[in-house]
Amino acid sequence: MDDALIATDIVTDVAEISFILNGRPAAHSVPVRRNLVDFLRQDLGLTAAHVGCEAGVCGACNVRVDGAVVRGCLMLAVQVDGLEVDTIEGLSDSGEIAGLQRAFVARNAMQCGFCTPGMLMTACELLKHNNCPSREEIRDAISGNYCRCTGYQAIVDAIETASGEQP
């Protein structure tokens, strides 16, 4: 088989997907091998979820799919066909994470900001299921998110502060 033909077929293989993005219907063509975080960043301009390790370890690429936080680098964009996707931009625009954002600023829980979107996504999920977590539960919840600047103490403080604002 001709190697050039195979390479061309892989590059041009595109799928049509329809999904709900941040509460609104969306339909797009996407290369079948593009991961979700690259699709969101490169094709849709939603750049808050970051590309970190590209191995599902750091949490910088966290997004919410059908209500559960997932690693955007480990999921193909075509897998969200028919599903609901929420990015940190959507959570911010809707006000869903307003309390967390205020607490992160007040407690100085971000420094370079690279991990912040993933941390906020994880913290939002934690507080949705446990509106009054202990510090140990907070540490456990964010243990899959890497931060190289803060030492995590301020992040734990911020999530604890925000938990006091939850209904």
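- Taking all atoms of both residues into account, the shortest heavy-atom contact from A158 to F104 is CB-CD1, 3.6 Å.
- Looking only at side-chain heavy atoms (C-beta outward), Q153 and R135 come within less than 4.5 Å of each other.
- Residue V51 is found in a hydrophobic cluster whose other members, listed by chain and number, are V37; membership requires side-chain heavy atoms under 4.5 Å apart, directly or through intermediates.
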TODO: Take V14 and V30, measure what side chain to side chain contact (heavy atoms under 4.5 Å, CB included) needs, and give me the verdict at the end.
DONE: CA-CA 5 Å; V14 175; V30 62; 5.7 Å; no

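- M121 CE to C61 SG: the interatomic distance, rounded to the nearest 0.5 Å, is 10.5 Å.
- Counting only residues at least two apart or in different chains, salt bridge (charged side-chain N to carboxylate O under 4.0 Å, His left out) contacts with residues 66-87 comprise R64-D86.
- Of the options I159, N145, I155, I88, a side-chain contact (heavy atoms from CB on, under 4.5 Å) to L120 is made by I88 and by none of the others.
- A distance of 10.5 Å separates CZ in F114 from SG in C149, rounded to the nearest 0.5 Å.
- When side chains are defined from C-beta on, L127 counts as touching P133, because their heavy atoms get closer than 4.5 Å.
- L21 and A26 make their closest contact through CB-CB, 4.1 Å (heavy atoms, listed as atom of the first residue, atom of the second, distance).
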Task: Residues Y146, Y152; criterion side chain to side chain contact (heavy atoms under 4.5 Å, CB included); working and verdict - done: CA-CA 9 Å; Y146 288 174; Y152 299 96; 4.3 Å; yes

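- I17 and A77 get closest at one heavy-atom pair: CD1-O, 3.6 Å.
- Minimum interatomic distance between H28 and F39 (heavy atoms only, all atoms of both residues): CB-CZ, 3.8 Å.
- The closest side-chain donor-acceptor pair between E136 and S134, if any, does not fall under 3.5 angstrom.
- Of all heavy-atom pairs between G113 and P117, the closest is O-CD, 3.4 Å.
- With contacts defined as side-chain heavy-atom distances shorter than 4.5 Å, the pair T87/L91 does not qualify.
- Under 3.5 Å, the side chains of T122 and N62 contain a donor-acceptor pair of N or O atoms.
- Counting heavy atoms from C-beta on, the side chains of E54 and L74 never come closer than 4.5 Å.
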- [ ] Begin from the C-alpha positions of E137 and D140 and carry the test side chain to side chain contact (heavy atoms under 4.5 Å, CB included) through to its verdict.
- [x] CA-CA 5 Å; E137 289 170 323; D140 185 55; 5.6 Å; no

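- Residues Q111 and T150 bring no donor and acceptor atom of their side chains to less than 3.5 Å of each other.
- For the atom pair CE (M119) and OG1 (T116), the distance works out to 8.0 Å, reported to the nearest 0.5 Å.
- One distance of note links CD of E160 with SG of C132; it measures 8.5 Å at 0.5 Å rounding.
- Distance alone, capped at 3.5 Å, is enough to place a donor-acceptor pair between the R41 side chain and the A49 backbone.
- One distance of note links OG of S163 with CG of N130; it measures 8.5 Å at 0.5 Å rounding.
- Scanning all heavy atoms of the two residues, the minimum distance from L100 to C124 falls at CD1-N, 3.6 Å.
- Side-chain atoms of E89 do not come within 3.5 Å of backbone N or O of N22 as any donor-acceptor pair.
- L36 is listed as a side-chain neighbour of V63, based on a closest heavy-atom distance under 4.5 Å.
- Q42 pairs in a side-chain contact (heavy atoms from CB on, under 4.5 Å) with only one of the listed residues (L46, D38, L44), which is D38.
- The side-chain heavy atoms of R107 and R102, taken from C-beta on, include no pair separated by under 4.5 Å.
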Task: Test side chain to side chain contact (heavy atoms under 4.5 Å, CB included) applied to I20 and L83, step by step - done: CA-CA 6 Å; I20 303 298; L83 303 180; over 6 Å; no

